[in-house]
Structures are given as C-alpha cells and as structure tokens.
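The structure appears right after this line, and notes come after that.
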Amino acid sequence: MFSLLVNIPANAKWMQNGVTIAGGNEYGSATNQLGIPWGLFVDDNQTVIIVDYGNHRIMQWKNGDTTNGQVVAGGKGGGYEVHQLNSPTDVLIDKEMDSLIICDYGNRRVVRWSRRSGTTQGEILINNIACWGLAMDEQRYLYVSDEGKYEVRRFQLGEKNGTLVAGGNGSGNELNQLKFPTYLFVDRQQNVYVSDSTNNRVMKWNKGAKEVMVVAGGESEGSTLTQLSSPNGLFVDMLGTLYVADTGNDRVMRWTQGDKKQSTVIVGGNDQGAGANQFSNPNGLSFDRQGNLYVADSNNNRVQRFSIE
C-alpha cells in the first residue's frame, strides 16, 4: 500500500481553497455527477477511486480529467446480485491483484472487482458482515470494521472468519469497546486506528491489542480543538501524525503524536457550506504521494483536492 509511505513535513500547510476534481454538479447519476460520495482511495498516479454511495457504484476519476468519471463497479441500481452493489461505504486498491476491494454495506458483504476493462461483476470475499471501513497492510492482510458487532477483524485474503483486532466487547465507550466503528487505518507496525464515530473519538489498538488508547477526541461531542463530532475518514503519515475527517464539524483535523490534548484544523472549519473553503459532511479522506489532501465532501456531492503548500 503506497499510502503508508506518504511523508508529510511536520509543519506542512495546505491551500485553504479546495479544487473540485470529481462531481460538484449537484446530486445525480450522470458520469459528471456523484450522489453522496463516502470513502475514497488515491492510487500512485493520482487516479481517485470514489465510493458513490447514493448511486450504488464505484467511480474512477483520472488525474486531469475533472469533467467525467467512469463507473468501475456496480452502477446497475442497488441490489444483491454479483453485478450490483447496495449502498457501498469504502474501497481500496489491491495492487497485487489489480482489483478493487469494496465494503458493500447494504448487502453485508465485502466484494472484489477486477480493474481490468470489461469487468461486469464482482466476487464475494466475506459474507454476513456489517462492514463499513477497510484497510490493507503491507502483508496484504485485510482489515474490516463491522459496525453490527462493534469490532474490527483482520482477514487473510480467502479467509472467511478472520481474527479480532479491535473491539468485540459489545457496544460502549470503555477503552476496549467501540460503538460505531467506521473508517480504519493500519500503519506499518500493524497498529489499527479506528474512527469510533458515535463515541466522537479515534482509537488506536496496538498490534496484539494489548494496549488501547484514545488518540483523538473522546471528550464528548463538540467543536473545540480537543473534540470531534462523528469522525470518519482517517490517515496516518510516516511521522505518526493523524488526520481525521471531523464530519459533524465540517473540517479536517491534524492530531500530532504524543499530544492528544489538542489538534489543529488543516482545512474547512468555516461553517457548513459549498464554498471552496467549506464542507458539508466530509467523510472519506486520503493523500497522494506528494502530500496533497483529498476529501469526499459528501453532501456537496464532490471530491475536493487541497494542494500542499
């Protein structure tokens, strides 16, 4: 996963006005539109893979082509057949297999779609899982958050049951519990970061789950620099700095390692809206190799790119 190798300087700043690189043409299902984008994934050449939740499809927008995207999975209406998706929430690229792995949330399954042209259907990897977020480590283990069981499991590809790596102690706000686990990030040491959305916090489960800590938020819902509101998309850079889509506060936050007390707003935080420096329920986030930030601005039906200065 190239994304683990993003080296962002500790004092980095981003342009405050985002550029719309996908969608932004109101809610719709045309190739120049998105319908509530959720998770996203940026590949090596800045192609952005977007979960188009409301349209039950995955879109690919190539770098430089901000006019139209192409449907690369689903797009045949919401349904449970293998050529359909139903309210997908997250996606990642498995480079080795040149395929997409998708959280097909409405169908309670994880599916794989080949990226080869002419692919018309997916294959089911994991069934009966209320999956929301996905991550993959350098050993190609797949991590899946299950909001129905309040847990995160790690799967060897092809495996059906997986190993518990976070949560699994019922719904709650204790350190060993999760309430609504959404998006994930796994670092090179196989530590698992989880957006525990309803608890308004981000949790870090060290490998082996011997130690669990709150690394962002956890001080009830709010908009101060020590609080989060329904956090979603996550990213951790080489320095261990955590970036969070603070959905309810319409902003993206940076939490430096070792300083859980306070964070900084890197983009957004200018009230809810559709301006270039505003969001309306940002969900997925990712970075490219250069450190440019990509945000799925869900209720504005667009993806914004914020260039690193």
Side-chain angles (χ1 to χ4, degrees), residues 1-9 12-25 32-53 58-70 72 88-93 95 100 102-103 133-136 182-185 193 195 231-238 241-247 250-254 265-269 274-309:
M1 291 262 296
F2 80 96
S3 59
L4 297 178
L5 305 175
V6 176
N7 205 345
I8 298 170
K13 287 188 165 56
W14 287 264
M15 306 292 279
Q16 292 303 294
N17 285 347
V19 174
T20 302
I21 56 148
N25 299 301
N32 69 341
Q33 292 177 306
L34 295 168
I36 316 178
W38 279 73
L40 50 78
F41 192 93
V42 185
D43 79 4
D44 288 356
N45 55 15
Q46 295 183 318
T47 295
V48 186
I49 310 292
I50 304 162
V51 176
D52 195 7
Y53 174 87
I58 307 296
M59 299 292 287
Q60 172 175 286
W61 291 66
K62 293 200 163 149
N63 183 28
D65 182 4
T66 54
T67 318
N68 288 287
Q70 69 187 106
V72 288
T89 49
D90 203 9
V91 65
L92 59 80
I93 295 173
K95 282 171 71 172
L100 303 174
I102 302 162
C103 255
L134 296 169
M136 189 180 269
T182 58
Y183 292 101
L184 304 174
F185 192 92
Y193 295 79
S195 265
N232 276 297
L234 291 182
F235 197 93
V236 180
D237 67 18
M238 296 277 281
T241 304
L242 171 71
Y243 301 84
V244 187
D246 189 8
T247 305
D250 302 299
R251 63 191 186 181
V252 176
M253 311 295 286
R254 171 170 57 192
V265 181
I266 60 168
V267 290
N277 68 343
Q278 293 178 305
F279 296 118
S280 180
N281 280 46
N283 272 299
L285 68 77
S286 193
F287 288 86
D288 62 24
R289 278 174 179 256
Q290 282 73 48
N292 303 309
L293 168 65
Y294 298 73
V295 182
D297 187 12
S298 296
N299 290 358
N300 284 322
N301 305 298
R302 66 186 183 182
V303 173
Q304 300 288 89
R305 179 168 67 204
F306 296 85
S307 299
I308 192 166
E309 287 183 358

Measuring from [X]:[atom1] to [Y]:[atom2], what's the distance to the nearest 0.5 Å?
{"X": "Ser286", "Y": "Arg305", "atom1": "OG", "atom2": "CZ", "value": "12.5 Å"}
{"X": "Asn7", "Y": "Arg289", "atom1": "CG", "atom2": "CZ", "value": "11.5 Å"}
{"X": "Asp250", "Y": "Asn299", "atom1": "CG", "atom2": "CG", "value": "8.5 Å"}
{"X": "Ile36", "Y": "Asn301", "atom1": "CD1", "atom2": "CG", "value": "6.5 Å"}
{"X": "Ile50", "Y": "Phe41", "atom1": "CD1", "atom2": "CZ", "value": "13.5 Å"}
{"X": "Thr67", "Y": "Trp61", "atom1": "OG1", "atom2": "CH2", "value": "7.5 Å"}

Are the side chains of [X] and [Y] in touch, meaning some heavy atoms are under 4.5 Å apart?
{"X": "Leu134", "Y": "Val91", "value": "no"}
{"X": "Thr241", "Y": "Ile8", "value": "no"}
{"X": "Leu34", "Y": "Met59", "value": "yes"}
{"X": "Val295", "Y": "Phe279", "value": "yes"}
{"X": "Pro231", "Y": "Ser195", "value": "yes"}
{"X": "Val51", "Y": "Leu40", "value": "no"}

Quiz: residues 15-23 side-chain donor-acceptor pairs under 3.5 angstrom, not counting sequence neighbours:
| from | atom 1 | to | atom 2 | distance (Å) |
| --- | --- | --- | --- | --- |
| Gln16 | NE2 | Trp14 | O | 2.9 |
| Gln16 | NE2 | Ile266 | O | 2.9 |
| Thr20 | OG1 | Gln304 | OE1 | 2.6 |

For the residue pair [X] and [Y], what are the closest heavy atoms and their distance?
{"X": "Arg254", "Y": "Ala12", "answer": "NH1-O, 3.0 Å"}
{"X": "Ala245", "Y": "Pro282", "answer": "CB-O, 4.0 Å"}
{"X": "Pro37", "Y": "Ser298", "answer": "O-OG, 2.6 Å"}
{"X": "Asp288", "Y": "Gln46", "answer": "OD2-NE2, 2.6 Å"}

message: Between Lys95 and Asp44 (salt bridge meaning N to carboxylate O under 4.0 Å), is one present in this structure?
response: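 Counted as a salt bridge, because a side-chain N and a carboxylate O are separated by less than 4.0 Å.
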
message: Run the side chain to side chain contact (heavy atoms under 4.5 Å, CB included) test on Leu293 and Phe235 for me, step by step, so that the C-alpha distance in whole Å, both residues' side-chain angles and the decisive distance to 0.1 Å come before the verdict.
response: CA-CA 10 Å; Leu293 168 65; Phe235 197 93; over 6 Å; no

Ile49 and Leu100: CA distance, side-chain angles, deciding distance, side chain to side chain contact (heavy atoms under 4.5 Å, CB included) verdict: CA-CA 9 Å; Ile49 310 292; Leu100 303 174; 4.0 Å; yes

- prompt: Can you tell which of Asn232, Asn283, Thr89 makes a side-chain hydrogen bond (donor to acceptor under 3.5 Å, both in side chains) with Thr182?
  reply: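 Of Asn232, Asn283, Thr89, side-chain hydrogen bond (donor to acceptor under 3.5 Å, both in side chains) with Thr182 is met by Asn232 alone.
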
Is the backbone of [Y] close enough, under 3.5 Å, to the side chain of [X] for a donor and an acceptor to pair up by distance?
{"X": "Asn25", "Y": "Asn32", "value": "yes"}
{"X": "Asp43", "Y": "Asn45", "value": "yes"}
{"X": "Thr47", "Y": "Lys62", "value": "no"}
{"X": "Asp52", "Y": "Gly35", "value": "yes"}

query: Are Phe287 and Tyr243 close enough that their ring centers fall under 6.0 Å?
result: yes

task: Have a look at Val252 and tell me which of Asp246, Val265, Val244, Leu285 forms a side-chain contact (heavy atoms from CB on, under 4.5 Å) with it.
output: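 Option passing the side-chain contact (heavy atoms from CB on, under 4.5 Å) with Val252: Leu285.
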
message: Between Asp90 and Tyr183, is there a side-chain donor-acceptor contact under 3.5 Å, judged purely by atom types and distance?
response: no

- prompt: Will you find, in the side chains of Asn281 and Thr247, an N or O donor that is under 3.5 Å from an N or O acceptor?
  reply: no

